[in-house]
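Below is one structure, written out as structure tokens; comments come after it.
Just the heavy atoms: all of them, side chains too, but no hydrogens, waters or symmetry mates, feed the values below.
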Amino acid sequence: MPLSAPTIVLTGATSGIGRCAAIALARQGANLVLTARSQARADATVAIIKAAAPSTRIDVQYGDFSDLTSVAALGREIVSRHSRIDALINNAGIHAFKSRVTDDGYAEMVAVNYLAPWLLTNLLRETLIRSAPSRVVTVASQASRRAAGFDPRAALIDKRPFSARGSSAIYGQTKLMNIMFSIELARRLGDTGVTANCLCPGFNVTGLGRELWFAAPLERLLTWFEVGNPERGAGIIVRLASDPTFANVTGGYFSVTDARELVPVSPGDDPKAQHDLWRATAERVAAFSRDEDVERDALRCPVE
């Protein structure tokens with residue numbers, strides 16, 4: 001990381017492991033660019049960070065990750081305000097327990113968990129390259145193992161209804177798509193000096209299951225028994241974003257347990273499938289980027 005205070009963009013920072021990671025990075029001296037939907041939650045998060053690290057410079061940018069036009073506007077605003085980005089942490093995500101389709105025509109979990117970070121990363125990519133050495137860290141999950149054998153290009157456009165019980169498989173698919181995106185991104189960034197890695201943060205007590213009626217009492221119970229402390233999940237995020245040990249590591253998928261490298265289930269480990277998903281995604285989001293260089297690069301690069 002640079003000798004001066006690094007600038008780190010962090011999505012999903014107003015709760016859970018994202019907030020914990022933001023606090024830890026602030027204590028390390030980083031300048032933070034946080035994304036949020038709610039000003040009230042953002043204000044509360046800024047107050048908590050400032051209490052922990054009073055000198056932290058924090059820029060909050062607002063956007064809705066279920067709306068790709070909003071994500072594109074968010075990305076362009078960040079680029080216009082920050083000439084340097086030392087790390088991008090794609091942390092925002094949801095586990096929807098009922099099926100919903102966005103105004104753009106995608107399943108909500110696909111839009112928020114996969115398409116939004118894909119688009120944001122590509123809009124920030126040139127700034128990351130100019131800022132090299134820099135890093136992209138994407139929060140995935142071992143829930144991706146539930147997606148073994150799925151067709152990622154079909155999942156990209158699948159809008160079939162699902163039940164609360166069936167939601168875990170869809171969530172797992174989006175997380176395996178995150179892994180495939182991260183590995184393909186590392187390949188495409190090549191010798192630019194930008195690394196790309198992803199991780200499983202383990203089990204954390206966060207707001208991810210807030211749609212369930214019993215989520216709040218369960219969270220209180222688990223917190224009482226000190227189960228699922230989100231600071232543990234935040235720790236691996238912070239390590240990948242700032243630890244010198246990972247300065248030259250790219251294309252990896254790491255566990256919260258001792259930063260052990262994990263192997264994604266098939267087709268997540270298939271370079272051709274990773275490439276094909278990238279191409280299919282690029283075609284879907286090209287209209288939102290309005291950036292010819294991003295579109296051109298997104299659509300090239302054969303499988304090696």
Side-chain angles (χ1 to χ4, degrees), residues 11-12 63-72 74-75 90-123 125 136 138-163 166-188 196 198 253 264-291 294-303:
T11 71
D64 182 351
F65 273 34
S66 68
D67 180 344
L68 295 179
T69 299
S70 177
V71 175
L74 172 68
N90 292 312
N91 168 69
I94 61 167
H95 185 148
F97 290 90
K98 61 176 66 175
S99 53
R100 292 183 288 266
V101 177
T102 69
D103 290 343
D104 298 315
Y106 296 101
E108 185 183 35
M109 279 195 281
V110 171
V112 174
N113 295 353
Y114 173 68
L115 290 174
W118 195 104
L119 177 57
L120 181 63
T121 300
N122 277 276
L123 288 169
R125 185 199 54 192
V136 179
T138 299
V139 177
S141 171
Q142 280 291 75
S144 60
R145 301 194 70 81
R146 295 181 62 91
F150 88 123
D151 181 344
R153 287 184 296 176
L156 189 62
I157 58 175
D158 189 356
K159 294 180 285 188
R160 287 176 295 178
F162 56 81
S163 64
S167 66
S168 294
I170 308 300
Y171 176 77
Q173 289 176 8
T174 65
K175 289 302 174 180
L176 190 55
M177 292 160 79
N178 286 152
I179 296 168
M180 297 171 74
F181 153 73
S182 184
I183 296 172
E184 178 70 10
L185 177 65
R187 185 180 298 116
R188 287 169 178 265
C198 57
Y253 171 38
V265 296
S266 179
D269 59 348
D270 182 353
K272 184 178 185 305
Q274 295 159 3
H275 172 80
D276 289 347
L277 176 60
W278 183 285
R279 289 290 300 268
T281 306
E283 292 168 1
R284 290 274 165 183
V285 305
F288 298 95
S289 71
R290 297 196 320 205
D291 185 323
V294 169
E295 294 171 25
R296 188 182 307 114
D297 183 76
L299 293 170
R300 70 169 182 243
C301 184
V303 176

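The main-chain N or O of Lys159 is never found under 3.5 Å from a side-chain atom of Tyr106 such that the two would form a donor-acceptor pair. A donor-acceptor pair under 3.5 Å links the side-chain atoms of Asn178 to the main chain of Asn113, judged by distance alone. Looking only at distances, no side-chain donor or acceptor of Asp64 sits under 3.5 Å from a matching main-chain atom of Ser70. Using a distance-only test at 3.5 Å, with no hydrogens or angles considered, a donor-acceptor pair links the side chain of Gln274 to the main chain of Gly268. Between the side chain of Thr174 and the backbone N or O of Val110 there is no donor-acceptor pair closer than 3.5 Å.
Distance check, rounded to the nearest 0.5 Å: OG of Ser66 to CG of Asp104 gives 8.0 Å. Between Ile170 atom CD1 and Ser99 atom OG the span is 9.5 Å, to the nearest 0.5 Å. Separating the CH2 atom in Trp118 from the OG1 atom in Thr138 is a distance of 12.5 Å, to the nearest 0.5 Å. Rounding to the nearest 0.5 Å places CZ of Phe65 at 5.5 Å from CG of Leu74. Separation of atoms CD1 (Ile183) and SG (Cys198) is listed at 5.5 Å; rounding is to 0.5 Å. Between the CZ atom of Arg187 and the CH2 atom of Trp278 there is a distance of 10.5 Å, given to the nearest 0.5 Å.
Using a cutoff of 4.0 Å between basic side-chain nitrogens and carboxylate oxygens, Arg160 and Asp158 are scored as salt-bridged.
Considering every non-hydrogen atom in both Phe97 and Ser167, the closest pair reads CD2-OG, 3.5 Å. When all heavy atoms of Ile179 and Ser141 are compared, the closest pair comes out as CD1-O, 4.3 Å. Between Ala196 and Leu185 the shortest heavy-atom distance is CB-CD2, 3.8 Å. Of all the heavy atoms in Ala169 and Arg146, the pair that sits closest is N-NE, 3.8 Å.
Side chains of Leu277 and Glu184 form no contact here, defined as non-hydrogen atoms less than 4.5 Å apart. Side-chain contact between Pro152 and Pro267 is present, with heavy atoms from C-beta onward closer than 4.5 Å. In this structure the side chain of Phe288 never reaches within 4.5 angstrom of the side chain of Leu115, judged on heavy atoms. In this structure the side chain of Thr102 never reaches within 4.5 angstrom of the side chain of Asp67, judged on heavy atoms. Looking at Lys175 and Met109, their side chains never come closer than 4.5 Å, going by heavy atoms from C-beta outward. Between Met177 and Phe150, some side-chain heavy-atom pair lies under the 4.5 Å cut-off.
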Set out, in order, the CA-CA distance, both residues' side-chain angles and the distance that settles side chain to side chain contact (heavy atoms under 4.5 Å, CB included) for Thr121 and Phe181, then state yes or no.
CA-CA 10 Å; Thr121 300; Phe181 153 73; 3.7 Å; yes
What do the steps show when you test Asn122 against Arg125 for side chain to side chain contact (heavy atoms under 4.5 Å, CB included), and what is the final call?
CA-CA 5 Å; Asn122 277 276; Arg125 185 199 54 192; 4.2 Å; yes
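Residue-environment remark: CG (Asp103) stays at or below the threshold of 12 foreign heavy atoms within 6.0 Å.
Ring orientation note: the planes of His95 and Tyr171 are close to parallel, at an angle under 30° on the 30°/60° scale.
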